[in-house]
Amino acid sequence: MPTALTLQTDMSSFAFEIPDQTGNTFDNSTGNVYLHVQNTFSPAGTLTINIQEQRTCNFGHAQTNMQIYVGAGHNKIHGPFDLLRFNNPSRIVTVTYTGWSSSYRVAAVMG
């Protein structure tokens with residue numbers, strides 16, 4: 001079962017966490033949350049992050065998870081996450097990982 005990331009409020013100073021192998025969740029009540037990802041895996045390794053879409057897009061495309069690829073030695077920031085598209089009824093976003101390693105770090109931070 002995915003574990004909750006601590007929602008942090010300081011974009012200039014936040015702490016990374018090791019992602020849970022089963023996935024993570026974070027509170028997106030404000031719709032102003034960013035997911036920071038750090039891949040310290042060396043020499044190679046790509047993390048695929050799957051952000052679960054909760055409902056069909058307003059433009060009618062099929063429900064599709066957002067995928068983010070983070071190559072070795074790279075950092076990425078994604079967000080904010082659309083309230084209607086990614087929040088479940090409890091205003092939580094669920095993230096799973098493909099290619100998990102303890103060399104990855106994540107943080108959910110309010111912008």
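Computed over heavy atoms, backbone and side chain alike; hydrogens, waters and symmetry mates excluded.
In this structure, the side chains of Ile49 and Gln67 stay at 4.5 Å or more apart for every pair of heavy atoms. Counting heavy atoms from C-beta outward, Leu7 and Val33 have side chains that approach closer than 4.5 Å. A heavy-atom distance below 4.5 Å is not found between the side chains of Asn50 and Tyr97. Residues Arg105 and Val37 fail the side-chain proximity criterion, which asks for heavy atoms closer than 4.5 Å. Under the 4.5 Å side-chain criterion, counting only non-hydrogen atoms from C-beta, Met11 is in contact with Tyr34. Between Ile51 and Val93, some side-chain heavy-atom pair lies under the 4.5 Å cut-off. His36 places a side-chain heavy atom less than 4.5 Å from the side chain of Val109. Between Leu35 and Val95, some side-chain heavy-atom pair lies under the 4.5 Å cut-off.
Side-chain atoms of Asn28 come within 3.5 Å of backbone N or O of Phe81 as a donor-acceptor pair. Using modelled atom types, one side-chain atom of Gln8 and one backbone atom of Ala15 make a donor-acceptor pair closer than 3.5 Å. The backbone N or O of Gly111 sits less than 3.5 Å from a side-chain atom of Asn32, completing a donor-acceptor pair. Using modelled atom types, one side-chain atom of Thr40 and one backbone atom of Ser103 make a donor-acceptor pair closer than 3.5 Å. Not a single donor-acceptor pair under 3.5 Å links the side chain of Asp20 to the backbone N or O of Asn24.
Between Asp27 and Ser29 the shortest heavy-atom distance is OD1-OG, 2.6 Å. Here the closest heavy-atom approach between residue Gly31 and residue Pro80 is recorded as O-CB, 3.1 Å. Nearest heavy atoms, Phe14 versus Ala107: CD1-CB, 3.6 Å. Between Leu83 and Thr30, the closest heavy-atom pair is CD2-C, 4.2 Å.
Atoms CG and OG, from Asn39 and Ser101 in turn, are 8.0 Å apart once rounded to the nearest 0.5 Å. Between the CD1 atom in Ile68 and the NE2 atom in His78 there is a gap of 4.0 Å [rounded to 0.5 Å]. Distance OG1/Thr25 to CD/Gln52: 10.5 Å, rounded to 0.5 Å. Rounded to the nearest 0.5 angstrom, Thr96 OG1 and Gln21 CD are separated by 13.0 Å.
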Test Asn87 against Gln54 for side-chain contact (heavy atoms from CB on, under 4.5 Å), laying out the working first. CA-CA 6 Å; Asn87 281 12; Gln54 299 296 318; 5.7 Å; no

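If you chain together hydrophobic residues whose side chains sit under 4.5 Å apart, Ile77 and Tyr69 never meet in one group. With hydrophobic clusters built from ILVMFWY side chains whose heavy atoms lie under 4.5 angstrom apart, Ile18 shares a cluster with Phe26.
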